[in-house]
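Only one structure is covered here, and it is reproduced in the block below.
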Amino acid sequence: MEAKLLLVEDEPFMLEEMQTYLQREGFRVLTACTGKEALAIARSDRPELVVLDWMLPEKSGIDVCRELRQFSNCGIIMVTARSDEADKIVGLEIGADDYLTKPFSLRELATRIRALLRRLRGPEDRLMFLKRDNLTISEAKCQVFKDGQEIQLTPTEFKILYTLAAHPGMVFSRLQLLKTALQDEYTGYERTMDSHIRNLRRKLGDDPASPRYVQTVYGFGYRFGEQS
Ligand code: CA
């Protein structure tokens, strides 16, 4: 099961950027631009984790955090532009679980979210599996099983497969896939994706002429096949 997140941020560009990135990372993402809206969504949709901006108009992130704690034990990551220690302590005393200082990379945000989810869900981390057709993909352990048999993938192949499988049917261009899967590690050209895809298909036993898992969308890129 994918984690349901709520992002609370009053800067539209930043909110959209975080949402797009985290959705591609496989999270279900809800958004709110005010504290009031955030509390309403938290009550109705019960997100597993809330990323909460400190500086919000009207109701501040601190107040939202306090109110949230009265009815929810979801994970809370506070985001602030202020980095002094006092803020950190206050942030943690009001019931936040973790703390990020602006500016931060989207990758750092995703890492903190995963770390907190693992902490909240316990060491078993059973919920971090993607089940697609006869494949089981463990994000936490970077393992892929086909009919219960583990398939050895390189880290790059794993990231590509995970990105595609997190969004069955969604088309990614080579460049998007390269950026999403490899984030800032990518140095090659889009064409290197073709060899990763070839290897991935071979290992998954996917017929290149008619792939079941990793499908080519001509002129666009790749997608994970939707199962009937
Ligand atoms: Ca703000």
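We count ligands from 1, going down the list as the structure has it; atoms in each ligand are counted the same way. Counting begins at 1 with the first residue of the sequence.
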**OP:** First locate atom CG of Leu39, then atom CD of Glu67, and finally report the distance between them rounded to the nearest 0.5 Å.
**Re:** 5.0 Å

Original post:
Between Glu157 and Lys203, does a salt bridge (Lys or Arg N to Asp or Glu O under 4.0 Å) hold up when you go through it step by step?
Top reply: CA-CA 10 Å; Glu157 290 160 358; Lys203 291 181 181 180; 2.9 Å; yes

Original post:
So Trp54 and Tyr99, would you call those rings parallel, tilted or perpendicular, with 30° and 60° as cut-offs?
Top reply: perpendicular

Subject >> Contacts of the Ca ion (ligand 1) with protein N/O/S atoms, counting only those under 3.0 Å >> reply: Asp10 OD1, Asp53 OD2, Met55 O

Original post:
Regarding Arg43 and the six-membered ring of Phe71, is the cationic atom NZ or CZ under 6.0 Å from the ring centre and inside 45° of its axis?
Top reply: yes

Subject >> Atom pair CD1 (Ile94) and CE (Met78), whose distance is rounded to the nearest 0.5 Å >> reply: 4.5 Å

**OP:** Test Arg174 against Asp194 for salt bridge (Lys or Arg N to Asp or Glu O under 4.0 Å), laying out the working first.
**Re:** CA-CA 8 Å; Arg174 285 190 186 89; Asp194 294 351; 2.7 Å; yes

